[in-house]
Amino acid sequence: MRTLRCLVATAALALVATACSAQPSGDPGAATAPRTVRPVAGCGKASWTDPADLSPTRSPARCSPGRPAPVPLTEPRKITIATGTLSAEYVAPLEVALDKGEFKAEGLDVTLKVLPTPDALPLLAKGDIDAMWAAPEAAVMNGVRGGFDIKWVAGNFSPAPGSRSGLWVRLKDGESASGVRMAGRTLGTMIGKGSVIAYPMQQALASHGGGLDRIRYQQLGSADVLTALRNGGVDSAWLLDPVWRQVTGRAGYAFLGGQPQGEPLGGMLYGRTLLNDDVDAGVALLRAYIRTVDTYFAGDYKADGAFVGYLAKLLGTDPAILRATPPLRMDWEIRAGTTTRLQAAYRAQGVEPGSPLPESRTVDRALYEEAVGHRP
């Protein structure tokens with residue numbers, strides 16, 4: 001989750017102002033027009049799961065390796081996808097799809113462009129870029145509320161059972177992992193208010209006498225979060241992969257919770273271009289992504305040493321760093337109610353005004369369902 005950006009309230013409000021001034025065309029709440037959905041070879045019942053299934057043990061949807069097969073567009077299409085980083089593991093399916101020619105097989109000329117969410121969001125709304133590999137953060141929700149026609153169309157991953165990426169606390173004398181009171185404590189994080197981690201953090205704090213409005217935030221650089229936790233500069237910290245490995249199993253520290261298993265909190269966001277103007281390209285892009293997951297990331301992809309070496313080179317990292325944490329559960333589906341739960345956390349942090357947006361304004365599952373041949 002190292003790509004989850006710091007989005008403070010001022011940034012979110014600024015994006016609302018930008019949204020209002022952009023004067024986007026069309027109805028921002030309009031659904032994708034009905035399309036013919038046909039069965040897809042290699043994508044049977046296992047290629048779709050009920051969005052209402054929030055079980056942490058839910059098996060992610062899967063087609064057979066190499067499926068769904070490419071369906072090349074009649075005319076080549078250039079696609080630009082904004083991403084906050086090219087070195088994070090959860091971006092790997094996009095980079096593998098690009099490197100292995102999966103996008104090209106669909107007739108897509110894809111460019112991955114590094115842009116933080118605040119910079120990419122107005123570009124996506126205006127059609128200057130086609131998609132974002134990001135998360136439905138507070139800035140995105142506020143942008144949609146302000147008039148941006150943007151929807152979350154595919155998930156990315158959920159953590160493996162062995163992951164301990166999340167909220168860690170330095171225990172005081174007499175405390176244990178089950179007896180920590182978080183109210184009034186400081187939290188060191190490189191991820192500010194308005195990030196999707198607000199949702200799992202709210203869950204973890206609620207179990208330990210705290211709340212998003214009852215802790216004190218101290219924003220730190222990525223290299224300083226662990227140091228501050230160790231030397232007592234902060235009482236707790238949100239530790240990302242693979243930093244948490246340096247405190248796990250050590251006396252004096254406790255893991256309080258992380259991203260819910262089985263529930264992706266980010267993935268692909270589309271603007272009006274791929275949602276409405278060129279839906280064929282939108283489906284083709286997700287088809288290539290899904291095929292890449294099914295072919296290369298369907299299970300424990302870190303069990304293959306050669307593939308780990310390939311990924312490390314592609315991501316520009318050390319293979320040992322990749323091996324230090326469990327594999328991500330790559331998952332293109334979106335769970336029911338996730339954006340509602342996220343918005344509740346944003347409101348608790350004071351960075352999202354007004355009533356929550358309904359899921360019809362924030363999520364569109366129709367494109368990935370079409371890609372695997374699922375008929376609702």
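- Look at E263 and R58 and you find no salt bridge, because none of the NZ, NE, NH1 or NH2 atoms lies under 4.0 Å from a carboxylate O.
- With sequence neighbours excluded, no residue forms a side chain to side chain donor-acceptor pair (under 3.5 Å) with T36.
- Here the closest non-hydrogen pair linking P159 and P260 is CD-O, 3.6 Å.
- Taking CZ of R375 as the reference point, atom CZ of R38 lies at 9.0 Å (rounded to 0.5 Å).
- Here D280 pairs with R35 in a salt bridge; the nearest charged N to carboxylate O distance falls below 4.0 Å.
- When the side-chain contact (heavy atoms from CB on, under 4.5 Å) test is applied to Q218, the partners found at least two apart in sequence or on another chain are L220, V234.
- Sequence neighbours left out, not one pair with a member in residues 63-73 passes side chain to side chain donor-acceptor pair (under 3.5 Å).
- Salt bridge K302/E89: present, at least one basic N to carboxylate O contact under 4.0 Å.
- The residues R335 and E333 are annotated as salt-bridged, a charged nitrogen and a carboxylate oxygen being separated by less than 4.0 angstrom.
- Under the 4.5 Å side-chain criterion, counting only non-hydrogen atoms from C-beta, I79 is in contact with I81.
- Among residue pairs with one or both ends in residues 36-81, those qualifying as ring pair (Phe, Tyr, Trp, His ring centres under 6.0 Å) are W48-H374; sequence neighbours excluded.
- For E106 and R291, the salt-bridge test passes: some basic side-chain N is under 4.0 Å from an acidic carboxylate O.
- Taking a cutoff of 4.0 Å between a charged side-chain nitrogen and a carboxylate oxygen, R77 and D130 qualify as a salt bridge.
- For the atom pair CZ of R245 and OG of S165, the computed distance is 12.5 Å after rounding to the nearest 0.5 Å.
- Between L212 and M201, the closest heavy-atom pair is CD2-CE, 3.7 Å.
- Annotation: ring pair (Phe, Tyr, Trp, His ring centres under 6.0 Å) contacts involving residues 166-218, sequence neighbours excluded, comprise W168-F255.
- Between A92 and L311, the closest heavy-atom pair is CB-CD2, 3.9 Å.
- Between D149 and R272 there is a salt bridge, with a side-chain nitrogen of the basic residue lying less than 4.0 Å from a carboxylate oxygen of the acidic one.
- Applying the ring pair (Phe, Tyr, Trp, His ring centres under 6.0 Å) rule to pairs touching residues 261-292 yields W133-Y289, sequence neighbours excluded.
- Aromatic ring orientation, Y310 versus F307: tilted (interplanar angle from 30° to 60°).
- Taking a cutoff of 4.0 Å between a charged side-chain nitrogen and a carboxylate oxygen, R365 and E359 qualify as a salt bridge.
- Taking OG1 of T111 as the start and CD1 of I129 as the end, the distance is 11.5 Å to the nearest 0.5 Å.
- The minimum heavy-atom distance between L357 and M141, with the atom names listed, is CD1-O, 3.4 Å.
- A 4.5 Å side-chain heavy-atom check between L315 and L86 finds every atom pair outside the cut-off.
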